Each structure stands twice: as structure tokens, then as C-alpha cells.
There are 2 protein chains.
Amino acid sequence: MPDSAAPKTSRIQQRNRKRILDAALDVFSQHGYRGATLDQIARQAGLSKPNILYYFNGKEDIHVTLLNQLMDAWLAPLRDIDPAGDPLAEILRYVHRKLDMSREYPRESRLFANEILQGAPRMAPHLESDLRPLVDTTAAVIDRWIAAGKLAPVDPRHLIFSIWATTQHYADFDAQVRVLMDDAPVHADAAAFLETVYRRLLTPRPPAPGA
Amino acid sequence: MPDSAAPKTSRIQQRNRKRILDAALDVFSQHGYRGATLDQIARQAGLSKPNILYYFNGKEDIHVTLLNQLMDAWLAPLRDIDPAGDPLAEILRYVHRKLDMSREYPRESRLFANEILQGAPRMAPHLESDLRPLVDTTAAVIDRWIAAGKLAPVDPRHLIFSIWATTQHYADFDAQVRVLMDDAPVHADAAAFLETVYRRLLTPRPPAPGA
DNA sequence: CCGCTTTTTTACCATTTGGTAAAGTTACGA
DNA sequence: TCGTAACTTTACCAAATGGTAAAAAAGCGG
């Protein structure tokens, strides 16, 4: 019976693992992997350090668990682009979802940013195995939309990069944005701005008549 | 004679300070402030740790020196936007210069990215005193251009953010870009893409005839 | 209520890290 | 070439950090 064994995770185990991961998300996203300490995570989680090491095999284990767990949620909006939908609407919806995630999950955004900034030492395999195929198929979808004249021609991969960059900027560089935008409705304005950017960029225009 | 004293910095002092700062740029940009160690910097610089502390007052001193020193170079392209020039050309030139800097000075880009990501603890004063006024005046220039009908209307601050985000992305998220763009001419393609983006976004179009 | 498993705490430890003291070495002007 | 100031090295620390051992304390099915 290697399969249907008893429920491996007790109530208390589930609660504490969740607490630890939430605290770790706070600390890792703020200080990066090497800057975060188990003591900080323990304090934030309201547990002792050895107790944390009862639930996880070490600092790296916590970090990797977080990364794996978040990867899916992070890529969901890209996965949800519907090849059968209206091209411009699909892209704009994607932009807005990514921007919303920047606002609602800034810790997750910064965790990834930190990891990529340092060369993705603990995430490279996932980029290759999860992200890359997803980007490949999405780029192919966009290329088909362009070929069908439904979108103005652009490089689909750089388009995706620009969407990531512009939306995540509001989470990752929040400290800077905040200095430059004292109490303006940043998120709403950003949404309007990005809507304009991608609408003007992608709206197909009829070929100039002539020749 | 508090002013025209003897040359404070000997040849050897200049050389070693430069070595240390260059090594520190390597290490800080790769691991972030807390992740960097004096031993790493020392090894990279080819000096002993105490010798490094002969030239700088401590780890933080090195970091702050780097940040201050780079701030100017980093903001130069923004400062060079000419209010009397052709609006679209000025913006596009700015975009290309920023993109070039991403390629030629990725360490500097990552150093700043790390600092901002962690809340700009050692740079907040500079953001307030240097960056903010510069962005304010640049935004005013762009607003005037828009009012004069030389650019399509957009929020100038979010425009600046988007330029920063899209150009620095290629340095800061290089690890990700590299996974997704195996041996394509990333920089050239990015330049063409961004040219298209900002040209389509900012080219003023005559108001639709009607009413 | 008992006995066994799961969870938590207490008390440590080895290594790393930023930093210092002080002795030694080198450069260089008089 | 000699003396002094600039520079470098050797030998250390104290604190912080990731991690462990083992005892104590809860939980919990019977």
C-alpha cells in the first residue's frame, strides 16, 4: 500500500507549514535568499528556529518550496490566454491581470525578481521546463494572430518581455515609484497607461494605400 | 590653506580604490548587499580583507560609494533630453541610450535593481534629492510637448517608468531572457521592438475628423 | 487514563563574517 | 641613504548564522 496511506499532513502540520512559508515569503522577498536568516523567518512565523527545521530540511528547502509553489500561480495568466479569443482583448486582459498581480502579490513578484537577478540559481530548471514551453506556444499563438492580420506585427517574445517588465515594475521598484508619485492613484493610472500602450502598439492598421 | 592642500590621493591609492570598487560592483550586483561578503570582494580585487578596510571604512561605505558614484552616470541620459529638440526623436534617443546601457553596464543596472528591490535603504535620500527633481522637470517637458501636439497624449511619469522597465529588463532579468531566447540577437531585436513600441505610442495623430 | 507518536523547546556547535590591533614592509622626499 | 609616512600582512575577535541532539511537552487513538 504505497499509495493510499494515511493522510500524511496533520492539521497542525498544515497550519505551521503555511505559517512558515508565509513568513519566509515576507523575509526572502525583502532581503533576497542570502540576506534572509532563519531567525528572521522564525520570529516572523512565531516559531522557534529548531521548530522550523522540524518542518523543512533547511533554508534552501523553504526557498525552493516557495518558488515551486508560486511558479504555477505566476504563470496562470499567461496560460489562460485563449487562442480562440479576440487577440487584442486577450492581450489586454493579460496585461491587466499581470498588473493586478503586481498590486496584490508584490511579495511574490519580488521573490522572483530577486531570484532572477541573482542568475536564477535555484530556478533555472523550472524556467527551462515550465516557462520556456509556455512562452514558445504563446509566441506561436501571437504569431498566428499577426499573420491573420488581427494584430499589428511585433516580435511576440519581446512583447511578452515588455508586459512582464512594465507590470512587475510597479511591484519590484515600488520604493522608487513611491518616491516619484506621492499619493497619486498609481495603480489606476498605470492601468490606463498600459492599456493605451498596448492598444496603440497592437491595433492593426490597414496597409497604406498606394503603389 | 584648507582648500589647495596637497593631492590627497596617491597613484597607488587611486589604483586600489578603483580595483576595490570594480570588484565590489561585481559582487554586490550579483549577490545583493547582504549576500556579498568582504572576503569575496577582497579575493576579486586581489587584496587582503584588512587592506580593503584600509581604503574604505566598511562594507556599507563601499556600497554607498558605488551607489553615489553611479547615480550620475545612470541619470545622464535622462538629463540629456533636450527640450528644444524634436520630441519623438528625443524620446527614442533616450530609449536607445538606456537600452545600450543595459547591455554595456549590466552590473550597474543590477546593483540599482537590488537596492530598489530591498526598499532603497541606502539610496532613498538620493532618489528624493537627485532623481525626483529630474523626473519632475522631464515630465513637465513631455507635458509641454503633448500640449503642443508634438506627441500623442500619455502620462509622462508612467511613460518614463515604462522606458526604465523595458530597457533595464534586459540587464536585470538576463538569466530569464537567456533561457527564452537561445542565441537570438537579443539586443538588436529589442532595439527594433522598443523603437516600434514608442513610435506607435507617441506619434501624434490628427484628431479624427467629424462633428 | 495510558502509551505512543508528533511537536516543541533547551542547550549547543562549527563556520562565516565584518572588523581590529599591531607588527612588518614599501615608497619616496630630503 | 636615511627617516617618515603610506601601505600591507598576520593574527585575532565577537557576533551572527545555519544547523543538530536530545530532552520535554502536547496530542491523540484506544
Side-chain angles (χ1 to χ4, degrees), chain A residues 1 4-67 114-115 118 121-122, chain B residues 1 4-67 114-115 118 121-122:
Chain A
M1 59 200 76
S4 63
K8 277 190 194 72
T9 57
S10 70
R11 230 157 312 134
I12 185 165
Q13 195 158 146
Q14 239 172 323
R15 177 174 57 87
N16 281 351
R17 280 185 70 97
K18 200 165 293 182
R19 271 192 195 180
I20 293 169
L21 288 175
D22 189 70
L25 180 55
D26 261 26
V27 177
F28 280 131
S29 68
Q30 201 173 0
H31 301 292
Y33 179 73
R34 296 198 52 185
T37 71
L38 285 178
D39 292 279
Q40 279 176 293
I41 295 171
R43 207 179 323 126
Q44 183 89 9
L47 299 172
S48 67
K49 182 167 61 174
N51 202 5
I52 279 186
L53 291 167
Y54 171 76
Y55 288 102
F56 289 90
N57 289 323
K59 187 183 179 181
E60 180 152 6
D61 184 27
I62 302 178
H63 195 243
V64 169
T65 302
L66 266 182
L67 249 25
N114 262 307
E115 173 70 8
Q118 337 232 306
R122 272 165 276 280
Chain B
M1 58 201 75
S4 64
K8 277 190 194 72
T9 57
S10 71
R11 229 158 312 132
I12 185 165
Q13 195 159 144
Q14 240 173 320
R15 178 175 56 86
N16 280 351
R17 280 184 70 95
K18 201 165 292 184
R19 271 193 197 179
I20 293 168
L21 288 175
D22 189 68
L25 180 55
D26 261 25
V27 177
F28 279 132
S29 68
Q30 201 173 359
H31 301 293
Y33 179 74
R34 296 197 55 187
T37 71
L38 286 179
D39 293 278
Q40 279 176 293
I41 296 172
R43 206 180 322 126
Q44 182 90 9
L47 299 171
S48 68
K49 183 167 61 175
N51 202 5
I52 278 186
L53 291 167
Y54 172 75
Y55 289 102
F56 290 91
N57 289 324
K59 187 183 179 182
E60 180 152 8
D61 185 28
I62 302 176
H63 194 243
V64 169
T65 301
L66 265 183
L67 249 25
N114 261 307
E115 173 71 7
Q118 338 233 303
R122 272 166 275 280

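To find a chain, count down the sequence lines: A is the first, B the second, and so on, and within it residues start at 1. Please read all numbers here as calculations on a predicted model, not as lab measurements.
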Mind checking Leu38(B) for me? I need base, sugar-phosphate or nothing, with any heavy atom below 4.0 Å counting as a touch. sugar-phosphate

Between dT16(C) (C1') and Lys59(A) (NZ): distance, integer Å: 12 Å

Sugar-phosphate only, base, or nothing, as touched by Ile12(B) at under 4.0 Å among non-hydrogen atoms: sugar-phosphate

Look at the side-chain N and O atoms of Tyr55(B) and state whether any lies under 4.0 Å from the OP1 or OP2 oxygen of dA6(D). no

Report yes if at least one side-chain N or O of Ser48(B) is closer than 4.0 Å to OP1 or OP2 of dT9(D); otherwise report no. yes

OG1 (Thr37(B)) and CZ (Arg34(A)) are apart, to the nearest 0.5 Å, by 6.5 Å

If you pin Leu47(A) and Thr37(B) to their nearest nucleotides in DNA chain C, which one's is more 5'? Leu47(A)

More 5' along DNA chain D: Arg34(B) or Arg15(B), using each one's nearest nucleotide? Arg15(B)

Should Asn51(B) be listed as having a side-chain N or O under 4.0 Å from OP1 or OP2 of dT9(D)? yes

Donor-acceptor under 3.5 Å (Lys59(A) side chain, Tyr33(A) main chain): yes

Classify the ring geometry of His63(A) against Phe28(A): parallel below 30°, tilted from 30° to 60°, perpendicular beyond 60°. perpendicular

Between P of dC7(D) and CZ of Arg17(B), the distance in whole Å: 11 Å

Ignoring backbone atoms, test whether Asn16(A) places a side-chain nitrogen or oxygen under 4.0 Å from the OP1 or OP2 oxygen of dT8(C). yes

Ignoring hydrogens and angles, answer whether the base of dG18(C) and the side-chain atoms of Lys49(B) contain a donor-acceptor pair closer than 3.5 Å. yes

May I ask you to say what Ala36(B) touches in the nucleic acid, namely base, sugar-phosphate or nothing, with a heavy-atom cut-off under 4.0 Å? sugar-phosphate

May I ask you to verify if any side-chain N or O of Tyr54(B) is less than 4.0 angstrom from the OP1 or OP2 atom of dC7(D)? yes

